[in-house]
Amino acid sequence: MGLCFPCPAEAAPPSPSPEEKRAKLAEAAERRQKEAASRGILDVQSVEEKRKKKEKIEKQIATSGPPPAGGLRWTVS
């Protein structure tokens with residue numbers, strides 16, 4: 001029992017090219033990010049739709065400009 005070394009007559013298994021290795025690592029990183037973003041969320045599509053809707057509303061508010069001078073005023077007494 002011991003360590004298993006390749007036989008001297010056998011060639012080492014081919015290693016992937018740096019480009020292939022980089023592509024696989026990038027895919028794995030994207031997959032991990034996607035899984036981490038959706039962890040704990042049951043309906044991912046609904047959350048994405050709500051986020052997009054919120055961004056759209058914020059963008060409309062930003063482009064509409066400041067409210068008119070006679071707008072509502074809040075007072076706390």
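Given the structure is predicted, the values throughout are model-derived calculations rather than measurements.
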Between the CD atom in Glu58 and the CD1 atom in Ile61, the distance rounded to the nearest 0.5 Å is 7.0 Å
Residues 44-52, side-chain donor-acceptor partners within the protein, below 3.5 Å, at least two apart:
from, atom 1, to, atom 2, distance (Å)
Glu48, OE1, Arg51, NH2, 2.7
Arg51, NH1, Glu55, OE2, 2.8

Using residues 20-37 as the side-chain source, report each donor-acceptor pair under 3.5 Å to any protein atom, sequence neighbours left out, with the distance given to one decimal.
none

